[in-house]
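Inspection log for the structure reproduced underneath, given as structure tokens.
Just so you know, these numbers use all the heavy atoms, side chains as well, and skip hydrogens, waters and symmetry mates. Here the structure is a predicted model, which is why all the values come from computation and not from measurement.
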Amino acid sequence: MNERYDTRQSFLRTPEFKAAFDEVSSALQTEHCLIGGLAVAHYANPPVTMDIDLLVKATFKPFYEQCKQAFRPAGWRVVLFGFPNLGWSEGMPRKGVRLASRDTVPPLVLDLLTTGIDRYLNSVVENAMTAEVQPGLLLRIARPEDIVVIKTMAGREKDH
């Protein structure tokens, strides 16, 4: 594998994305959809981001335990992370699970955010569109309007 990814091409179209997404998606055992910069890339131009953001229909604590059991033996680093300073509304995730591969340079990073019991976030996953982002790789991607809402609710300058 190259030392750096080609940022002129969307990361969604790379073999590295397909391999990581296939492995993680099959282990999640729950509904999920792509959000974040790569979801934007599906609808618009390739982003500068290389991490994979997934919204997972689950509650956080049992999901975090499931991730530790499923991904650590497979060689992934499993780390808890948070968003303490974001202006998100009530119900939006304030922490997530970060998976980082140990065998790629740079490491593949997947941020997994859970919906919890929030009705809106659950509807984002339920209403996500299925798209073939490369031959043989179907994935669910949040609808453009939901991506805009989530980015707005995050309240970060880079999302505006």
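- Annotation: side chain to side chain contact (heavy atoms under 4.5 Å, CB included) contacts of Ala19 (sequence neighbours excluded): none.
- At distances below 3.5 Å, not a single donor-acceptor pair connects side-chain atoms of Arg98 with backbone N or O atoms of Val109.
- Applying the side chain to side chain contact (heavy atoms under 4.5 Å, CB included) test to Arg77 and every residue at least two apart in sequence or in another chain returns Ala100, Arg102, Pro107.
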Inset, instruction - Check the pair Met129 / Tyr43 against side chain to side chain contact (heavy atoms under 4.5 Å, CB included), numbers first and verdict last. - result: CA-CA 12 Å; Met129 300 170 39; Tyr43 298 109; 3.7 Å; yes
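- When the shell of 6.0 Å around CG of Leu138 is examined, it contains more than 12 heavy atoms from other residues, nucleotides or ligands.
- Remark: the backbone N or O of Leu121 is not paired with any side-chain donor or acceptor of Thr115 at under 3.5 angstrom.
- Rounding to the nearest 0.5 Å places CZ of Phe81 at 3.5 Å from CG of Asp111.
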Inset, instruction - Please lay out, stage by stage, how Leu139 and Phe17 fare under the test side chain to side chain contact (heavy atoms under 4.5 Å, CB included). - result: CA-CA 11 Å; Leu139 64 125; Phe17 176 85; 3.9 Å; yes
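- Side chains of Asp53 and Leu38 form no contact here, defined as non-hydrogen atoms less than 4.5 Å apart.
- Rounded to the nearest 0.5 angstrom, Leu112 CG and Leu99 CG are separated by 4.5 Å.
- Residues satisfying the side chain to side chain contact (heavy atoms under 4.5 Å, CB included) criterion with Thr59, sequence neighbours excluded, are Pro62.
- The side chain to side chain donor-acceptor pair (under 3.5 Å) analysis of residues 17-28, with sequence neighbours excluded, yields the pairs Lys18-Asp22, Glu23-Trp76, Ser25-His32.
- Residues satisfying the ring-ring contact (aromatic ring centres under 6.0 Å, His included) criterion with Phe63, sequence neighbours excluded, are absent altogether.
- For Arg72, the salt bridge (charged side-chain N to carboxylate O under 4.0 Å, His left out) test picks out no residue, with sequence neighbours left out.
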